Amino acid sequence: MKTLTFTETIEASAAKVWFTLWNDHSYREWTGAFYPGSYTISDWQLGSSIQFVGPNGDGIDSIITEMIPNEKMVFTHQGTLKNFTPVENDPESMMWKGATESYMLTETNGVTTLTVKLDSADEFIDNFSEAFPKSLTIVKQRAENFAITIETTINAPVEKVWNYWSDPERIKQWNNPSPDWHTPRAENDLRVGGSFLSRMEAKDGSFGFDFNGIYSTVDKNQKIEYAMPDGRKVSVIFTTIGDTTKITETFDPESENSYDMQYGGWMAILQSFKSYTETN
């Protein structure tokens, strides 16, 4: 094994770079430079297993051996995977055992230096040397133009999905991240220049807020764009895939809560929409 080192300077905070590296959506994008469709299977806890897999289930079986959020991530490889199953006592699998792959982030005045070091057998050096600079360029572009993207595929035609997304009475039924929240009031003037408002409240009355904005783009069954009062922008794209509809929602994050928390909250609402639409 030889140790390869790759470095990228990114004009973004370490928190943005970290999220870009390990969020499922953006991870799939930058690792596409190696193998399109690759992703991870893990609970992302220190000491946990992590599998780096392609669409066919082949890949690398590893352990998260170091993790300091926004600073450092280290994987120690255990061997190869075949159809999602670790391969035992295979020469190639044994070759990877104990090899490490580390990502170190150092932020200075809002600029982050990302350094990647990995152990590689000679036969993979050319591939890594070609693919890693491409992948880190994608990380740089995503982090410097930072937004959070969530998506899901709904087993319903786009006409129904669009209607349930925009009808105020429907919105009141699905617009909540968990059963202890609800939306008692919703208004929606779905046109360019029109506004919307959803009053979201904890059911115990302990907290509530208005979620509102003004539409800048309305392409029926295709795309919605709007801006919130603080200027943050949101894009929602509806894509027909056979008899299903894929929703891709991209939003500018706020600064009070972590990116992971925001991703989880918005994703929970999107999953609530999926469940309601598919069962009603």
Side-chain angles (χ1 to χ4, degrees), residues 19 23-29 32 36-37 39 55 142 145-203 208-229 232-254 259-280:
F19 185 87
N23 171 259
D24 180 66
H25 185 273
S26 53
Y27 175 86
R28 291 173 185 248
E29 184 176 353
Y39 62 101
R142 287 278 300 187
N145 300 278
F146 190 73
I148 298 176
T149 297
I150 58 175
E151 61 185 21
T152 193
T153 298
I154 299 166
N155 293 315
V158 70
E159 293 81 7
K160 178 181 180 181
V161 171
W162 180 271
N163 178 51
Y164 278 37
W165 187 270
S166 56
D167 180 359
E169 291 304 312
R170 299 287 187 183
I171 293 171
K172 289 192 290 184
Q173 302 304 312
W174 60 258
N175 189 45
N176 61 81
S178 60
D180 53 344
W181 280 77
H182 68 156
T183 297
R185 181 166 63 93
E187 303 170 3
N188 194 22
D189 181 12
L190 188 58
R191 60 181 178 83
V192 174
S195 63
F196 70 89
L197 182 147
S198 297
R199 177 63 187 178
M200 302 180 69
E201 297 179 353
K203 289 183 177 178
F209 63 93
D210 290 340
F211 181 76
N212 58 307
I214 296 177
Y215 293 112
S216 57
T217 301
V218 178
D219 294 331
K220 187 174 182 179
N221 298 337
Q222 296 182 49
K223 186 176 185 179
I224 293 171
E225 293 179 330
Y226 61 86
M228 291 180 274
R232 291 185 295 129
K233 296 180 180 180
V234 180
S235 168
V236 187
I237 297 174
F238 303 79
T239 305
T240 297
I241 305 174
D243 295 329
T244 68
T245 304
K246 180 180 178 180
I247 291 183
T248 303
E249 191 171 8
T250 300
F251 63 93
D252 294 334
E254 37 90 352
Y259 301 135
D260 284 333
M261 181 179 293
Q262 293 179 66
Y263 175 88
W266 284 63
M267 190 66 194
I269 294 174
L270 185 58
Q271 290 300 106
S272 177
F273 173 77
K274 170 183 170 69
S275 177
Y276 175 78
T277 303
E278 290 182 344
T279 56
N280 290 274

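Keep in mind the model is a prediction, meaning the values are calculated, not measured.
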*Asks:* Please report the shortest heavy-atom distance between Pro177 and Met200, naming the atom on each side.
*Replies:*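 Taking Pro177 first and Met200 second, the nearest heavy atoms are CD-CE, 4.2 Å.
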*Asks:* How long is the straight-line distance from CD of Glu278 back to OH of Tyr164, given to the nearest 0.5 Å?
*Replies:*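 Those atoms lie 11.5 Å apart.
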*Asks:* Quick one: sort the Phe146 and Tyr259 rings into parallel, tilted or perpendicular, breaks at 30° and 60°.
*Replies:*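 Tilted, since the angle between the ring planes falls between 30° and 60°.
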*Asks:* So which atom in Lys246 and which in Thr248 form the shortest heavy-atom distance, rounded to 0.1 Å?
*Replies:*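 Closest pair (atom of Lys246, atom of Thr248, distance): CE-OG1, 3.7 Å.
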*Asks:* If you take all heavy atoms of Pro253 and Ala147, which pair is closest and at what distance?
*Replies:*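 Taking every non-hydrogen atom into account, CD-CA, 4.3 Å.
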*Asks:* I want to check something: taking the side chain as every heavy atom from C-beta on, are Ile237 and Glu151 in contact at a cut-off of under 4.5 Å?
*Replies:*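 Not touching, per the 4.5 Å side-chain cut-off.
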*Asks:* Look up atom CG in Asn175 and atom CZ in Arg199, then write down how far apart they are to the nearest 0.5 Å.
*Replies:*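 CZ of Arg199 is found 12.5 Å from CG of Asn175.
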*Asks:* Check whether any side-chain heavy atom of Asn221 sits under 4.5 Å from a side-chain heavy atom of Phe238, and report yes or no.
*Replies:*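 No; the side chains remain at least 4.5 Å from each other.
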*Asks:* A quick test of your reading: do over 12 heavy atoms of other residues, nucleotides or ligands sit less than 6.0 Å from CG of Asp243?
*Replies:*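 No - once you tally the heavy atoms of other residues, nucleotides and ligands closer than 6.0 Å, there are 12 at most.
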*Asks:* Distance check, rounded to the nearest 0.5 Å: Leu270 atom CG versus Ile150 atom CD1?
*Replies:*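 It comes to 4.5 Å.
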*Asks:* Donor-acceptor check, side chain of Asn188 to backbone of Ser166, threshold 3.5 angstrom: yes or no?
*Replies:*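 Yes; at least one donor-acceptor contact below 3.5 Å.
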*Asks:* Take Lys274 and Ile154 through the test side chain to side chain contact (heavy atoms under 4.5 Å, CB included) and record every step on the way to the result.
*Replies:* CA-CA 6 Å; Lys274 170 183 170 69; Ile154 299 166; 4.0 Å; yes
*Asks:* Got Glu249 and Ile269 here, is their nearest side-chain heavy-atom distance under 4.5 Å?
*Replies:*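 No - every pair of side-chain heavy atoms lies 4.5 Å or more apart.
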*Asks:* Using modelled atom types only, decide if a donor and an acceptor are shared between the side chain of Lys203 and the backbone of Pro179 within a distance under 3.5 Å.
*Replies:*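 Here the side-chain-to-backbone pair exists.
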*Asks:* Let's go through Val218 and Tyr226 carefully: what are the C-alpha distance in whole Å and the side-chain angles of both, what is the deciding distance for side chain to side chain contact (heavy atoms under 4.5 Å, CB included) to 0.1 Å, and is it a yes or a no?
*Replies:* CA-CA 9 Å; Val218 178; Tyr226 61 86; over 6 Å; no
*Asks:* When you look at Trp174 and Asn280, which way does the side chain to side chain contact (heavy atoms under 4.5 Å, CB included) test go after all the steps?
*Replies:* CA-CA 11 Å; Trp174 60 258; Asn280 290 274; over 6 Å; no
*Asks:* Measuring from atom CG of Asn23 to atom CZ of Arg142, what distance do you get when rounded to the nearest 0.5 angstrom?
*Replies:*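 Asn23 CG to Arg142 CZ: 7.5 Å, rounded to 0.5 Å.
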*Asks:* For the atom pair CH2 (Trp165) and OH (Tyr276), what is the distance rounded to the nearest 0.5 Å?
*Replies:*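 OH of Tyr276 is found 14.0 Å from CH2 of Trp165.
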*Asks:* Please enumerate all residues that pass ring-ring contact (aromatic ring centres under 6.0 Å, His included) together with Phe211, with sequence neighbours excluded.
*Replies:*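 ring-ring contact (aromatic ring centres under 6.0 Å, His included) list for Phe211, sorted by chain: Phe196, Trp266.
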*Asks:* Taking all heavy atoms of Gln262 and all of Ile148, pick out the closest pair and write down the distance.
*Replies:*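 Answer, listing the atom of Gln262 first, then Ile148: CB-CD1, 4.3 Å.
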*Asks:* Mark yes or no for whether Lys160, through its side chain, and Thr277, through its backbone, hold a donor-acceptor pair below 3.5 Å.
*Replies:*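 Yes, the answer is positive, given that a donor and an acceptor are paired below the 3.5 Å cut-off.
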*Asks:* For the backbone of Ala156 and the side chain of Thr245, can you confirm whether one donor and one acceptor N or O come within less than 3.5 Å of each other?
*Replies:*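 Confirmed, Thr245 side chain pairs with Ala156 backbone.
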*Asks:* Kindly give the heavy-atom pair with the smallest separation between Ile171 and Thr183, and that separation in Å.
*Replies:*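 So the minimum-distance heavy-atom pair works out to O-CB, 4.5 Å.
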*Asks:* What salt bridge (charged side-chain N to carboxylate O under 4.0 Å, His left out) pairs are there with at least one residue in residues 214-224, not counting sequence neighbours?
*Replies:*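 Sorted pair list: Lys223-Glu225.
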*Asks:* When rounded to the nearest 0.5 angstrom, what is the spacing between CG in Asp210 and CD in Glu201?
*Replies:*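 Rounded to the nearest 0.5 Å, the CG-CD separation comes to 8.5 Å.
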*Asks:* How close do Glu169 and Gln173 get, counting heavy atoms only, and between which atoms?
*Replies:*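 Closest heavy-atom pair between Glu169 and Gln173: O-CG, 3.4 Å.
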*Asks:* I'd like to check Thr149 versus Ser26 (side-chain heavy atoms, cut-off strictly below 4.5 Å). Are they in contact?
*Replies:*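 When only atoms from C-beta onward are counted, Ser26 and Thr149 do not touch, as no gap falls below 4.5 Å.
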*Asks:* Is any side-chain heavy atom of Tyr215 closer than 4.5 Å to one of Asp189?
*Replies:*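 The answer is no, as the side chains (C-beta and beyond) never meet within the 4.5 Å cut-off.
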*Asks:* If the condition is ring-ring contact (aromatic ring centres under 6.0 Å, His included), which residues does Tyr263 pass it with, not counting sequence neighbours?
*Replies:*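 Once residues adjacent in sequence are excluded, Tyr263 has no partner under the ring-ring contact (aromatic ring centres under 6.0 Å, His included) criterion.
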*Asks:* Could you check whether any side-chain N or O of Asp252 sits under 3.5 Å from a backbone N or O of Lys233, counting only pairs where one atom can act as donor and the other as acceptor?
*Replies:*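 Answer holds: yes.
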